[in-house]
> 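Here it is: the structure, laid out below.
Quick note: residue numbers are just sequence positions, from 1.
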Amino acid sequence: MTQSHVLSGLIAKRAELSGKMEHHQAQVRQLVMEIDALDQTLRLFDPDIDLAEIKPKPLPPRHAAYC
């Protein structure tokens, strides 16, 4: 009997994590499209721009009160 509770809990956790992963993958796809659009716009103003020189700006850490 205990095993069915453990199994259902594990299945629920897996479903939750899969949902989170799909959500984050959608966000990544959207960010890639936005970066591509910015890259194209940058090339309109400077066709010789080296986009590899633009380093990613790190995000500030989240405040502990918002976690």
> Pair E34, L31 - check side chain to side chain contact (heavy atoms under 4.5 Å, CB included), show working.
CA-CA 5 Å; E34 291 175 10; L31 288 170; 4.1 Å; yes
> Nearest 0.5 Å, please: how far is NE2 in H24 from CZ in R29?
12.5 Å
> I would like to know whether D39 and R43 meet side chain to side chain contact (heavy atoms under 4.5 Å, CB included); could you show each step before the answer?
CA-CA 6 Å; D39 289 351; R43 286 189 184 108; 3.9 Å; yes
> Check the pair I49 / L51 against side chain to side chain contact (heavy atoms under 4.5 Å, CB included), numbers first and verdict last.
CA-CA 6 Å; I49 192 167; L51 297 172; 3.9 Å; yes
